[in-house]
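Below, read A as the first sequence line, B as the second, and so on, with proteins coming before strands; counting in each chain starts at 1. Quick caveat, the model's predicted, so the values are computed rather than measured.
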Amino acid sequence: MNSFKTKMNYESPCDSDNDWTNSSEDSKYSDSESSVPDWDSDIGEDGELVYVKIKSITKPVDESKAPLLENCEAFKLRSDFKRSSTRRSTKGRIFKVLKARKVTNKLNGNEKKKDVEDNNKFVIIQVSKNMIFSSEKNCQIEKLFGISVETHADGKTLIVADFLPESKAIYTPKVKTGFYLHKINGIEVTSFNINNVLQRVIEDVDNPKLTFQVVTEGYNLDIEKLLTSKSTPENSLTQILKDAMCSVLYICCNDVEYQSNDDKGVLYCFPRPFNQNFLYNTRGAYLTLNHLAPKSLGTSEPTVSTVLHKNQLINITYASHYSDLLLVAIPSGAIDVFAAKRVINDIVRVLEFLYGSLKTCFTKPNNVDKLDGLFSRFFVTLLFGSLGENKNKSPSEVHGSSYFEELLAAQAVSLPLEVKIQIDDAITELEAADYREWIDDVENFQRLYTVIGSCLYYSGHVLSSHLEDEDLKEVYAYLRLNGILKLSTEKEIEKLVIWKEVFINEHRKQSKNDVSENRIPDGRWFILIVGKGHFILATLMEAGGCTEDAVGVTPPSPFYVEECESCLELLFEVGLNKYLPSWFSSNSQPQVEVTPEYLTKHGRKLRDASSKLDVRSSSKVSKPHLDVKRRHNSTEQINTGSTSDNSINNYHSTSQHNLYAQWYNGPLKQYRHSSLDVSYSEDSGSIKSNSELSEDRIVGRRADREQKNRRDSSESDSDWDKQDSSRSSNIDMTDMRKALLDELNHVAVHKITAGEENVLFHFVHLESEKGILIAPVKNIEVQANNALYTYILKTFRSASKKIHDLLQHSIKFKQSDLPSNPLNKILVAVKEYGMLFEAPGEILSQCGISKKNCEPFYFWVVGRVFSEPEPRELYLCYHESVPQDLTEIAYLLSYLE
Amino acid sequence: MSVIAIAVASESGVPIFSRKRGNNDNIQFSTIASLHGINMFTKCHNLSLINTQVENGTILWKEFCKSVTLIGIATGGLEYDLELLLSCIHDAMVFFIGKKDLENLKNIDQIKRDLRQCYPIIDYLLETLDPNTVPRSTIVLDSIQSMLCPQAQQLQQVLDNYAQTVTGRWACLSIHGHLVATSSDFYELDVREARLLLLLAAAQDGVPLRDSLVYLPQMSPNVAFRAVTCKLLADVYVLVICGVTPPLSQIDEIVLQCWESYAHIIKEAKLIHPRNFPLSITFDPVFIGIMVVNINKRRCVFSRHLHGSNQKSRGMSGVHRIDILRTFYVTTARDLAPEFKLERDDREVIDGAVSEMYWCSEYHKCHAQRSGNLLCCALYAPTVPNHTMRLLTNQILQDLSTNKDIFW
């Protein structure tokens, strides 16, 4: 992996930085009044369009400095929309507030090139002539400089491979292995001239001066660029993928069909040339295996083969299409077997979505360039999924794109009802396509498209989906594998428009059994993806049936693009772009405990101590402190003190809504400038069942008793969790500066675990049929900024993979009508699987709990499958101190939706 | 639901044998050739196929001694152990014909003939991966099935004495195929060698006294030893590995000398059998099956008759209980013993230190916990709450580690 990164960087200086930095020039263009949309020139010959423009300021620091300016300007531009002004009346109010707060600030575009320039940084080291290093290999360069070098894959550049022990002190920490040896005494060195240069150094009296080229992590892989490029991916990228052992092969085994094919049935191969592709060279093995397994061995077709090639473990996944075979190879280091099995499904999904079937995908004329681009995007997303965020971590930890949650389904967030309604409302309006207001002559215009559904993402989370389940899965796979979701998470999008013809699942299935009378029309379908800020709106459109037929090349219609844009615009206008970050950082639905060490005895002491000190400057994202909360709660809840004091206060004490968190939360803290529509959150608490809320208002002994009753009546086979606990409550922080935290006021924080304290660390509630899962927000780990929490999450994810695999037996058994013969009868009965983990001492001591005064820290990872009415899986990670009943938690979770 | 093991000469591609269990057809010659071809072909391209997963199963190639390739195909849920199975099969081959012959493969027909004698043992081994049968002698591949009896210590002395008199070192006593007592040096043998010895006795069903030439795959793969199996009572065998002398006739007398006076002890030990635990260990009635593994000594004890004969089992047949525990152990609980991991295990490794695991299914619950060297998997009725389960397993583990009647 390491060497790989270096290679990836190598090309960059030659390919000219300008190519990669992009956008600096672009951003100067203006969204003028001209009626031609700015993406018009980007439309391809086939009518497809990919247009991406990223806000030039991508640094979170900048964002926090001048977010308002940015947004206000955006508003101005958008308000030029000819229609948007009539869409909503609420908009005016917000807009005024925003204007009032407008701060003048100059844009600062200075920093944006910094990352890239890193690549051209050089480190100069002077080595004393007097030093002679002992070289075992009797190698000149080792003797002189104490470093050993190796040649880059290009056969020219020299890479620092290792330091001799004696010389280490000279070079580190400035020079690291993997850097390029660029110059010696000002002379550029390559593997060809190195010996001559060394000879000169020996003859020279002066101390030699070595120049190393700094190699940084692979910033240069720019998904934006990949998305928009229409030509074949550049050679450098192909080389990177080749080195990483990524490969795709599509083989047609029906000789009759492609007799003319020179490549013996290979219809597609990437990266090329063919004979350098290891997958191409060994295709016979997989092909034979794929035939042999079902026919002669009585097993199913192979799903994945793990092979060792050039000392690298590679997972090769199989996807059969009639007699054809698609093979995809991905290095095991980046994508493990668990992930690889799911990735191939997603790839097939996307290809079918875009082309109708695998066959048409690879036989479509003049499609090779497009496929190259598509697959290189896939691989880049898979390999470098989260490189941007995790640049400090070692490559082995960079598993961003193979996170358990991401692989299984699209992650949804549960939002307050009000917000949900707003969002659904906006999308529904788009889908309704009621254009009477904009078009004078409605009668004479047949509409071009029917919107058959759309879904909205924010920072990679599904906010709302009006798509069919299968469509949603396909759209999600498309967005994820193409890196669009990642792009929208990491960067703020100024404008993104993607238009593509697709083949929807319903249509693909139908054409196979052509009978039903309610068949969907023989039309064409298109996906229109529009993005702005961190929002991505994907809309499926149908041409045919009641709309005008789309004939020939069909470019996007500016009208519909604007419709979608104005739908997003509306979300901005109601302030959702400000609301969501604060909602995402509120950790409330349900709340998870992000400072796990506070659950130990010693940790409790720590917490109490820190709350007394009121450590504002704590380096962690500090939890709200007990005392602080007490103060805030005191006015309203002083009367609760008598009996349920403990539970409520403790409970509040673990809530995340602290005043200070915002200072440490980096990009999420925009809500300081909040100008939110307060009405959203007013009764967001009512999502939780009303009865429970009202019960919370009954205080004292009666509340106690009633809560107990309620718990007793719930069917739990564990008698441990029959302790009273308040499961939900309104936070009323009356004396808090309202202006700052308005939108979080009245937010109901939900605790779904039993027991006094919140022992929940993480959860995943998966509905695989729907392709949706619910889990804490993706950046919860960053929010927590806690070593123990990170450790717990990592363990949770790897354990959940194992649990998930085992639980699939049960799900498959229930779904299939087949006799249970091929399945293990014991495994199909398992419906819950739990593992207890112990956190290692080192991690605990990092969190301030020293070894001597700490009891072992245990936490459970438990998975359970619920088969009725459709299979759902719940994965839970919680502290061992309070036993939990998963059925009950699943029940409570279902209330949150 | 099947397990297939095929051995092919790596270079020539001559099939050496193929054994199978389960409901599939026999593997045809052409299939064997194709499977071997796949492996050869990828090898030519500097690529080695390590593992291929199919739905609910695994296909594996493994080359041993650079001369024999074993191909394994297993489906049905226990395929995790396929790699281990193949290396056990290889051990069995070495056990009978020695490593040298296996490496040279000079006279392949002769070797094929010689290897016939290890078929029964290979068949025993294949049973461990077949989820439809409960194996007769080897329930799990990574530890030896044993019995815990209070007499073990006493028997050890007898075994030491016996081994000495026959100029051997390693001796053990087996009852119903379970390891009961060993000589003091017995643990020098690798677990797989020890198991092969036990399987040897099982395979030589009913012969009162017999010696056979064996190679110890780990300890002496090239120099043969003599393994003497002697039937003391019904289902009781004493096994010893010794040199060429004394002759079998003499051993017959020695056995009589050494063991005659201990017949009553052996009979007492034999009474432990279906329960497999000393009577001083009592089990709570909610236990319906248990498996205890001594990780250091690689021995495991299974029991499904925990509460004497008077209690009727509720619905679940005893065999099924062992099956559940075995599946639980192989697929799940083994993660508690990282010592049992194969050198290069390409299966996903769980980050973090697991200390307990459980399963709940509709008909039963399983719980596994480790304490020091002991790993306990317990099977409970589905009505037992999880925390009770944890409590009970913990108690049993403590009981087991402190009980004086237990002698591993």
Side-chain (S361(B)) to main-chain (V830(A)) donor-acceptor, under 3.5 angstrom: no

Contacting region of L287(A) [heavy-atom separation from chain B under 4.5 Å]: neither

Segment of I73(B) engaging chain A (4.5 angstrom heavy-atom cut-off): side chain

Proximal component of S48(B), with respect to chain A [non-hydrogen, under 4.5 Å]: both

Contacting region of H809(A) [heavy-atom separation from chain B under 4.5 Å]: side chain

Option that, when pairs with chain A are counted at under 4.5 Å, heavy atom only, ranks first among T327(B), L336(B), N39(B), T58(B): T327(B)

Interatomic spacing from CD1 in I826(A) to CZ in R326(B) - rounded to 0.5 Å: 7.0 Å

Gap between atom OG1 of T331(B) and atom CG of L827(A) - 0.5 Å precision: 5.5 Å

Proximity breakdown for V862(A) and chain B, heavy-atom pairs closer than 4.5 Å: side chain

Most contacts with chain B, counted as non-hydrogen pairs under 4.5 angstrom, among I792(A), I314(A), V307(A): V307(A)

CE on M357(B) to CZ on F837(A), rounded to 0.5 Å: 6.0 Å

From Q53(B) atom CD to S300(A) atom OG, the distance as rounded to the nearest 0.5 Å: 10.0 Å

Contact class of T31(B) relative to chain A, heavy atoms under 4.5 angstrom: both

Over 12 non-hydrogen atoms of neighbours within 6.0 angstrom of CD in E339(B): yes

Proximal component of L35(B), with respect to chain A [non-hydrogen, under 4.5 Å]: both

Segment of Q28(B) engaging chain A (4.5 angstrom heavy-atom cut-off): neither

Pair Y358(B), E832(A): side-chain N/O donor-acceptor within cut-off below 3.5 Å: yes

Minimal non-hydrogen separation, I38(B) against A285(A), with atom names: CG2-CB, 3.8 Å

Residues forming a side chain to side chain donor-acceptor pair (under 3.5 Å) with K62(B), sequence neighbours excluded: E83(B)

Between CG on residue L292(A) and CD1 on residue I59(B), distance to nearest 0.5 Å: 7.5 Å

Shortest non-hydrogen contact from R283(A) toward F41(B): N-CE2, 4.5 Å

Heavy-atom closest pair, residues P302(A) and T52(B): CB-CG2, 3.7 Å

Interface moiety of L289(A) toward chain B, non-hydrogen atoms closer than 4.5 Å: both

D323(B) versus chain A, the contacting section by heavy-atom distance below 4.5 Å: both

A353(B) versus Y791(A), closest heavy-atom pair with distance: N-OH, 3.8 Å

Structural part of K295(A) lying under 4.5 Å from a heavy atom of chain B: neither

Heavy-atom proximity to chain A below 4.5 Å, by part of T332(B): both

Residues in ring pair (Phe, Tyr, Trp, His ring centres under 6.0 Å) contact with F340(B), at least two apart in sequence or another chain: none

Salt bridge flag under 4.0 Å for residues R370(B) and E838(A): no

Check: Y858(A) and S355(B) side chains under 4.5 Å, non-hydrogen atoms: yes

E880(A) vs E356(B), side chain to side chain contact (heavy atoms under 4.5 Å, CB included): CA-CA, chis, key distance, verdict: CA-CA 11 Å; E880(A) 177 248 18; E356(B) 284 177 47; 5.7 Å; no

Atom pair CG/OG1 of N56(B) and T299(A) - distance to nearest 0.5 Å: 10.5 Å

Under 3.5 Å: donor-acceptor pair, side chain of H45(B), backbone of F278(A): no

Among L78(B), N46(B), T42(B), T75(B), residue most engaged with chain A (heavy-atom pairs, under 4.5 Å): N46(B)

